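Accompanying notes for the structure given below.
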Protein chains: 2
Amino acid sequence: MPAQEQTATGPEAAAQQDVAAAIREAIVRGDFAPNQRLVEADLSRQFGASRSGVRTALFELANEGLVERVQHRGARVRAVTLEEAIEISEVRMVVEGLCAAKAAERATDEELSELRSIGDAMRTAVADGHVMKYSELNQLLHRRIIEISGQATAAGVVERLRAQNVRHQFRLALLPGRPNVSLAEHLAIIDEIGAHAPDAAERAARRHLASVIEALKTA
Amino acid sequence: MPAQEQTATGPEAAAQQDVAAAIREAIVRGDFAPNQRLVEADLSRQFGASRSGVRTALFELANEGLVERVQHRGARVRAVTLEEAIEISEVRMVVEGLCAAKAAERATDEELSELRSIGDAMRTAVADGHVMKYSELNQLLHRRIIEISGQATAAGVVERLRAQNVRHQFRLALLPGRPNVSLAEHLAIIDEIGAHAPDAAERAARRHLASVIEALKTA
DNA sequence: GATCAGCGGATCGTCAACGATCCTTACGAC
DNA sequence: GTCGTAAGGATCGTTGACGATCCGCTGATC
């Protein structure tokens, strides 16, 4: 039974509103290991919130698929299996494909130059071997494309799905040689959006996510 | 200020566990009008549950997108605009396309004959002008295809989205001439799944949902 | 030595009451 | 007549405590 006070980074000031956000971040950052039990009383002490707040937060996180809840047995961090990670990526593949298509239709010149500058930054990040930086740009690019698409529903769906397999996504970025493959696919997406070619943009986005799925399978 | 006890169909025996399900059903069935305020105390009396249970339920429904919550101002039934209904259908289009493709890969002979029998039932329902029956078969077909695809993640996403625009979906089925168009598209999906042709099945599913979107726009 | 009933601790689910916040209405000043 | 302001009511958010349920352990029995 390990001690629970590992996060010494000042969590005590959490407003009891967004205790959900705090717990979510802790899970995503890996402070809570998969399958770790999340006892309401402990969390309430740890985050300086009431048990009701923690309880509400756990319900919310359960709906997002980040924690599992069993009647009278409490909550635990949900461990996303490889099969689930693949399923999630498959859904992301088609939904982000849709967003890429709509982005290709709607993107303004200003937004296009922003995407291209992200692409340039990715290129240099890969050239310089900055894996961490590339991973951030990766997320940024995906997010911006979805925002540009103006598809709020799709944005919500993808956001929820993305939170569930950050762990797998992250592990992927560390594979040697992976950034090079990924970079070309990302640049292709940007090009097709820049050409205002919806179908081609969708295909490019799907090709990229399909490649992610393949990488997941062989990891 | 109208009286709130309109549902006389014995809601008082609701176990405080699934009060969420009861409220959800009431919203979907139209017992609660869009934008109607949902006051916790009233609901607790109406469903014979504690305010805590109602509160938890409202949080859950908010996460599903069926109700809106504002800080200190309570919950109300979320009114799905036409734009949102279109967005939802767009996401459904690509996700159900994915499911159709996977169903075409995995469907057993038994499952195929089940799908075909649903198709036959739809045909006769349209021929006999049974709109209600057709609408039910419509839902059943979509659900079964998703189940056959074995994509649990996609199933969850679609289920959540479907609950949000039942109202629009339902209004659509009542359009004159609509069932005939819809029927042909459904049969095409079944055929392509039966032919174990993933790409064609995906295209057929997308064609169908695209047609739904067009119908929504002109409604 | 293995199995099973009973007990105790731990944890969750529920409840009622309190405090905080916001909207509405009424009142007065300009 | 219009605007600003203050009281009142309604509703939500939070707290603390109680009861219900489940798991692990102990000890007796076969």
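The shown structure was predicted, so the numbers you read here are calculated from the model rather than taken from an experiment. In what follows, chains are A, B, ... by sequence order, proteins preceding strands, each numbered from 1.
Side-chain N/O atoms of A/R55 include one lying less than 4.0 angstrom from OP1 or OP2 on C/dG13. Close to C/dT14, at under 4.0 Å from its OP1 or OP2, lies no side-chain N or O of B/S52. Taking only side-chain nitrogens and oxygens, A/R69 comes nearer than 4.0 Å to OP1 or OP2 of C/dG13.
For B/E214, there are no side-chain hydrogen bond (donor to acceptor under 3.5 Å, both in side chains) partners two or more places apart in sequence or in a different chain. Among residues two or more places apart in sequence or in another chain, the side-chain hydrogen bond (donor to acceptor under 3.5 Å, both in side chains) test is passed with B/T153 by A/E87. Not counting sequence neighbours, A/E60 has no partner by the salt bridge (charged side-chain N to carboxylate O under 4.0 Å, His left out) test. In this structure, the salt bridge (charged side-chain N to carboxylate O under 4.0 Å, His left out) partners of B/E147, at least two apart in sequence or on a different chain, are B/R144.
Checked by atom type and distance alone, the side chain of B/S89 pairs as donor or acceptor with a backbone atom of B/A85 at under 3.5 Å.
One can place CD of B/E40 at 18 Å from P of C/dC18, the figure rounded to the nearest angstrom. The nearest whole Å value for the distance from the CZ atom in A/R51 to the C1' atom in D/dG13 is 16 Å. B/R37 has its CZ atom 12 Å from the C1' atom of C/dT24, to the nearest Å.
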Please write out the pairs of protein N or O atoms and N or O atoms of nucleotides 21-23 of chain D separated by less than 3.5 Å, giving the distance to one decimal.
from	atom 1	to	atom 2	distance (Å)
D/dC23	OP1	A/R73	NE	3.3
D/dC23	OP1	A/R73	NH1	3.0

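The stretch residues 98-112 of chain A participates, sequence neighbours left out, in these salt bridge (Lys or Arg N to Asp or Glu O under 4.0 Å) pairs: A/K102-B/E90.
Among the protein residues, A/L38 comes within range of the sugar-phosphate backbone only, with heavy atoms under 4.0 Å from sugar or phosphate atoms but none that close to a base.
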